[in-house]
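Quantities reported herein were computed from a predicted structural model and do not represent experimental measurements. Just follow the structure's listing: the first ligand is 1, and inside any ligand the first atom is 1. Numbers for residues simply follow the sequence, beginning at 1.
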Amino acid sequence: MSYPDVRLRRLRENPKVRTLVRENELLARDLVQPLFVKESISAPVPILSMPGQFQWTESGAAEEAKKLEALGVPAVILFGIPAKKDSTGRAAFASKGVIQRAVSRIKKAAPRLLVITDVCLCEYMSHGHCGHVDGGSVMNDASVKTLARTALSHAEAGADVVAPSDMMDGRVAAIRRLLDKNGFEKLPLLSYAVKYASAFYAPFREAAESAPGFGDRRSYQMDPANAAEAIREAAADIAEGADMLLVKPALAYGDMIRTLRDRTACPIGCYSVSGEYAMVKAAAERGWIDEKKVVLETHLSFKRAGASFIVTYWAKDIARWQKRNKS
Ligand code: PBG
């Protein structure tokens with residue numbers, strides 16, 4: 001059968017039919033809000049390239065967490081900016097470090113919120129790389145040890161999920177083993193398995209004060225030209241014990257969300273990164289696009305691509321918009 005027997009517009013004309021046949025939906029419960037927590041500040045500092053986002057004090061982060069919980073945002077992912085960086089990254093695993101303290105405060109302030117911690121070293125290293133550096137190159141195995149130690153310190157502080165974002169080889173296995181050895185065998189691990197070396201991270205590096213002091217991250221993050229490689233990255237992390245995988249960035253990588261959805265049986269999330277946020281904010285500020293409509297459309301596209309959850313700087317806004325629609 002074909003036209004005129006087939007008329008696809010029959011499913012679009014009546015809004016009730018349109019709703020009935022809708023295949024995907026964006027829900028507040030799919031969202032994870034990133035929060036930046038900075039040591040040694042006494043009031044929240046706005047992030048200039050990310051309007052509406054802040055570097056929070058520990059107590060500010062706890063207050064914000066409470067608001068997110070009340071709005072129905074189910075989860076946060078935490079990034080820390082320590083007062084002192086050095087070449088050992090020791091602030092990353094300090095038992096009283098900025099993230100370790102923030103986690104316990106947030107858990108107290110917002111007990112129903114799922115607290116995920118980003119496990120990386122770039123914010124804690126004076127050179128800004130995601131691992132230990134020797135002779136101008138980022139060392140894999142030494143970095144993995146420090147990352148595992150960092151993840152354990154987050155678990156001990158009360159994190160619900162740890163999320164390594166460094167892209168070193170073998171870090172999932174090392175973290176899993178150290179967690180299990182210390183009684184955290186039930187703690188889920190969310191791996192940034194498919195993380196590309198992307199220009200879309202630029203505003204984040206202002207937010208987290210983590211720009212590499214020399215070179216770039218192409219020796220550990222993936223080449224944007226590659227798709228098949230993502231299948232190997234995902235398989236490696238699943239074999240090492242990752243419970244959930246993240247694709248990052250999201251907007252330019254919908255194909256990779258779909259590929260992993262179809263090629264693995266693991267829950268897949270995506271991270272709509274700082275540059276995606278800055279881009280829409282800048283255009284919306286000029287009145288060139290409608291922020292809310294564009295955001296709902298891009299985030300729906302992540303669901304359509306196969307993401308079960310979305311890490312996004314718009315989590316709070318989306319939850320708020322949806323609440324308003326209901327009332
Ligand atoms: C840390 C990390 C980065 C992001 C998340 N974790 C920066 C990077 O890899 O340079 C980027 C997030 C964003 O841009 O919103 N390794």
For ligand 1 and Tyr192, I'd like to know whether there is a polar contact (N/O to N/O, distance under 3.5 Å).
no

Ligand 1 to Ser274 polar contact by distance, N or O atoms, under 3.5 Å
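N/O-N/O distance under 3.5 Å: yes.
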
Given that the side chain starts at C-beta and the backbone is N, CA, C, O, which of these parts of [X] lies under 4.0 Å from ligand 1, counting heavy atoms, or is it both or neither?
X      : result
Ser165 : both
Tyr313 : side chain
Asp166 : neither

Counting the benzene-type ring for Trp, do Phe93 and His154 have ring centres under 6.0 Å apart?
no

Looking at Phe204 versus Phe36, is the centre-to-centre ring distance below 6.0 Å?
yes

Can you name the atoms of ligand 1, numbered from 1 with element, that are less than 4.0 Å from a heavy atom of [X]?
X      : answer
Cys122 : 1 (C), 16 (N)
Cys130 : 16 (N)
Lys248 : 2 (C), 3 (C), 4 (C), 5 (C), 6 (N), 11 (C), 12 (C)
Lys195 : 1 (C), 2 (C), 3 (C), 6 (N), 8 (C), 9 (O), 16 (N)
Asp118 : 6 (N)
Phe79  : 5 (C), 6 (N)
Cys120 : 1 (C), 16 (N)
Tyr271 : 12 (C), 15 (O)

Less than 4.0 angstrom from a charged side-chain N to a carboxylate O is my criterion; do Lys145 and Asp141 meet it?
no

Flag for [Y]-[X]: side-chain donor and acceptor within less than 3.5 Å:
X      : Y      : value
Asp118 : Tyr192 : yes
Ser49  : Glu206 : yes
Tyr313 : Gln33  : no
Trp56  : Glu63  : no

If the condition is salt bridge (Lys or Arg N to Asp or Glu O under 4.0 Å), which residues does Lys248 pass it with, not counting sequence neighbours?
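Listed in chain order: nothing, the list is empty.
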
Considering only protein heavy atoms, which is closest to atom 10 (O) of ligand 1, and at what distance to one decimal place?
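Going atom by atom, the protein heavy atom closest to atom 10 (O) of ligand 1 ends up being Arg205 NH2, 2.6 Å.
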
What protein heavy atom lies closest to atom 12 (C) of ligand 1? Include the residue and the distance to one decimal.
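For this ligand atom, the closest protein heavy atom is Phe204 CD1, 3.3 Å.
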
For residues 300-322, pull every pair meeting salt bridge (Lys or Arg N to Asp or Glu O under 4.0 Å), keeping only residues two or more places apart or in separate chains.
Asp30-Lys303, Glu64-Lys316, Asp317-Arg320

Determine, using heavy atoms of Met167 and all atoms of ligand 1, whether some pair is separated by less than 4.0 Å.
no

Check the angle between the aromatic planes of Phe79 and Tyr271 and answer parallel, tilted or perpendicular using the 30° and 60° thresholds.
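Geometry flag for Tyr271 against Phe79: tilted rings.
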
